[in-house]
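Notes for the one structure printed next.
Keep in mind it's a predicted model, so treat the numbers as computed, not measured. In what follows, every chain begins at residue 1, and chains take the letters A, B, ... in the order their sequences are listed.
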Number of protein chains: 2
Amino acid sequence: MSDHQQQRTSSPPSLSGDALPPLEQHARQYETVRNAHETELIEDYVELIGDLLRHRGEARAADIASRMAVSQATVSKMIRRLNDLGLVTSKPYRSLFLTEEGQKMAETSRARHNVVLHFLRALGVNDSTARIDAEGMEHHVSDETLAIMQRFTEQQNS
Amino acid sequence: MSDHQQQRTSSPPSLSGDALPPLEQHARQYETVRNAHETELIEDYVELIGDLLRHRGEARAADIASRMAVSQATVSKMIRRLNDLGLVTSKPYRSLFLTEEGQKMAETSRARHNVVLHFLRALGVNDSTARIDAEGMEHHVSDETLAIMQRFTEQQNS
DNA sequence: CATGATTGTTAGCCAAGGCTAAACTGTTTG
DNA sequence: CAAACAGTTTAGCCTTGGCTAACAATCATG
Ligand SMILES: [Mn+2]
Ligand SMILES: [Mn+2]
Ligand SMILES: [Mn+2]
Ligand SMILES: [Mn+2]
């Protein structure tokens, strides 16, 4: 099929599915995704540290490493970054703590994560699948969509 | 844990929101996300190349660069990777084409992308927001969730 | 209180995915 | 048909986020 293959047997000129979005808009889609990827891991770390602090009272590098399924060296390096970003405070060989800013990020990340997770469950997705999907999706859900998801979930549970 | 600090004062055992998932499951969440990130960009390139071929008859590096809002050098490097992966064929200074395998990937990516996009619109999300969110979310939606989204969308449009 | 186990850090490696600058090719056009 | 221009490639750089191996600190325990 050098050109067009059958495609419908008798179709008029252009029946090639949805059109391409205008260039500017299309570009903005990919840019937004790239931006999300820059903060994604940071958010997951901060959120996890917050959760460990809330549930365990402390957040050790070793716990983060096993929860994230990543080496301790990787965690150690990332902790320095979080420190440089002013999100955590860490004395060597001691538990981590979140700065004010880190706490704020942890809360908003956790809130968003929960909205997505509960939405997926309300949609009918199996819990463990919902958890996996939410872990990735959360970073790519706009505020607009988030609000709609929340409304949907509330409506469903009533 | 050396010290614990206060940590509880007087509250009943656990009032710290949802519990942490069991370690194995939690680790699997992050692993799945990392895996998705490995193939994500590849899929977007292949999908875009497929769309350009369908809509324009050819896929030039310059078009990809402007659509992705990325430098031509970046595209050129990525094309070599796609070539090495057996997803595209490319003669220097000529338009790209998809291999069989590339076409298969383009189709399944496009199909999944569309399910997510149409689902978001059916949910009530504004079109341009839906496009942005779908571009990121698509790579983190399991088959299970995808099927549910599709059913939801169909049901909504009837 | 010495010592082994656990935990944390550092050094050095790698691949992916960006970038700019410079060189090269192909096409258009005066 | 020679330039000029547009498109493509290459070289070299950078950051992120992984890894392993070696070393260092802390903690538990006999
Ligand atoms: Mn999260
Ligand atoms: Mn996440
Ligand atoms: Mn896509
Ligand atoms: Mn995408």
Side-chain angles (χ1 to χ4, degrees), chain A residues 23 27 29-49 52 56-85 87-97 135-136 139, chain B residues 1-4 23 27-46 48-49 52 56-85 87-97 135-136 139:
Chain A
L23 199 145
Q29 289 175 208
Y30 295 114
E31 280 170 340
T32 305
V33 172
R34 282 196 298 272
N35 289 342
H37 282 159
E38 275 176 31
T39 47
E40 187 164 339
L41 230 212
I42 304 284
E43 288 170 4
D44 282 342
Y45 267 85
V46 168
E47 190 189 341
L48 176 55
I49 291 167
L52 288 170
R56 296 255 200 284
E58 62 175 3
R60 315 297 304 236
D63 290 353
I64 298 172
S66 58
R67 294 248 156 211
M68 292 235 177
V70 123
S71 76
Q72 288 190 347
T74 295
V75 172
S76 204
K77 200 196 271 191
M78 186 61 60
I79 287 170
R80 193 204 311 289
R81 258 188 85 204
L82 297 176
N83 214 325
D84 294 351
L85 290 170
L87 296 168
V88 310
T89 59
S90 68
K91 292 174 207 128
Y93 298 96
R94 301 299 244 292
S95 172
L96 298 169
F97 295 96
E135 191 62 74
H139 310 282
Chain B
M1 65 324 254
S2 44
D3 35 327
H4 309 225
L23 199 146
R28 208 164 335 117
Q29 290 176 208
Y30 296 114
E31 279 170 340
T32 305
V33 172
R34 283 196 299 270
N35 289 342
H37 283 158
E38 275 175 32
T39 48
E40 186 165 342
L41 230 212
I42 304 283
E43 287 170 4
D44 282 342
Y45 267 85
V46 168
L48 176 54
I49 291 167
L52 288 170
R56 297 255 200 284
E58 62 177 2
R60 315 297 304 242
D63 291 352
I64 298 172
S66 57
R67 294 249 155 212
M68 291 237 179
V70 123
S71 76
Q72 289 191 347
T74 296
V75 172
S76 203
K77 200 195 272 191
M78 187 61 61
I79 287 171
R80 192 204 311 289
R81 258 187 86 205
L82 297 176
N83 214 324
D84 293 351
L85 291 170
L87 296 167
V88 310
T89 61
S90 69
K91 291 171 209 132
Y93 299 97
R94 300 301 244 291
S95 170
L96 298 169
F97 294 96
E135 190 62 73
H139 311 281

What pairs of nitrogen or oxygen atoms, one from the protein and one from nucleotides 1-5 of chain C, lie under 3.5 Å apart?
none

What is the distance, rounded to the nearest whole Å, between atom [atom1] of [X] and atom [atom2] of [N]?
X       : N      : atom1 : atom2 : value
A:Met78 : C:dG8  : CE    : C1'   : 16 Å
A:Arg67 : C:dT7  : CZ    : P     : 14 Å
B:Ile64 : D:dT9  : CD1   : P     : 10 Å
B:Arg80 : C:dG18 : CZ    : C1'   : 16 Å
B:Glu58 : C:dG26 : CD    : C1'   : 13 Å
B:Asn83 : D:dT10 : CG    : C1'   : 16 Å
B:Ile79 : D:dG7  : CD1   : C1'   : 11 Å
B:Met68 : C:dG18 : CE    : C1'   : 13 Å

#### Entry: Contact list for DNA chain D against residues 87-95 of chain B - heavy-atom distance below 4.0 Å
B:Pro92, B:Tyr93
### Message
Does a side-chain N or O of A:Ser76 approach OP1 or OP2 of C:dG8 to a distance below 4.0 Å, or not?
### Response
no
Check every atom of [options] against the side chain of [X] and return the nucleotide holding the closest atom.
X       : options                : value
A:Thr74 : D:dG7, D:dC19, C:dT7   : D:dC19
B:Val70 : C:dG18, C:dT10, D:dA11 : C:dG18
A:Tyr45 : C:dG18, D:dG18, C:dT7  : D:dG18

Closest heavy-atom pair and its distance - [X], [Y]:
X       : Y       : answer
B:Asn83 : B:Val88 : OD1-O, 3.4 Å
A:Ser66 : B:Ala27 : O-CB, 3.9 Å
A:Leu52 : A:Ala59 : CB-CB, 4.0 Å

### Message
side-chain contact (heavy atoms from CB on, under 4.5 Å), that's the test. Do A:Asp84 and A:Arg80 meet it? Break it down for me.
### Response
CA-CA 6 Å; A:Asp84 294 351; A:Arg80 193 204 311 289; 4.1 Å; yes
#### Entry: Stepwise side-chain contact (heavy atoms from CB on, under 4.5 Å) test for A:Ile79 and A:Tyr45
CA-CA 9 Å; A:Ile79 287 170; A:Tyr45 267 85; 5.6 Å; no
### Task
Show your reasoning for whether side-chain contact (heavy atoms from CB on, under 4.5 Å) applies to B:Leu48 and A:Tyr30.
CA-CA 11 Å; B:Leu48 176 54; A:Tyr30 295 114; 4.0 Å; yes
### Message
So, taking the atom named NE2 in A:His139 and the one named CG in A:Leu41, what distance separates them when rounded to the nearest 0.5 Å?
### Response
8.0 Å
### Message
To the closest 0.5 Å, what do you measure between CD (A:Gln29) and CE (B:Met68)?
### Response
10.5 Å
### Message
For B:Glu135 and B:Asp44: C-alpha separation, side-chain torsions, deciding distance, then whether side-chain contact (heavy atoms from CB on, under 4.5 Å) applies.
### Response
CA-CA 9 Å; B:Glu135 190 62 73; B:Asp44 282 342; 3.1 Å; yes
### Message
Under 4.0 Å, heavy atoms only, any strand: does B:Leu41 hit a base, just the sugar-phosphate, or nothing?
### Response
sugar-phosphate
### Task
Report the residue (A:Lys77 or A:Arg34) whose heavy-atom-nearest nucleotide on DNA chain C is the more 5′ of the two.
A:Lys77
#### Entry: Nearest-nucleotide comparison on DNA chain C, the residue closer to the 5′ end among B:Ala73 and B:Glu38
B:Glu38
### Message
Given 3.5 Å as the limit, does a donor-acceptor pair link the side chain of B:Thr32 with the main chain of B:Arg28, or not?
### Response
yes
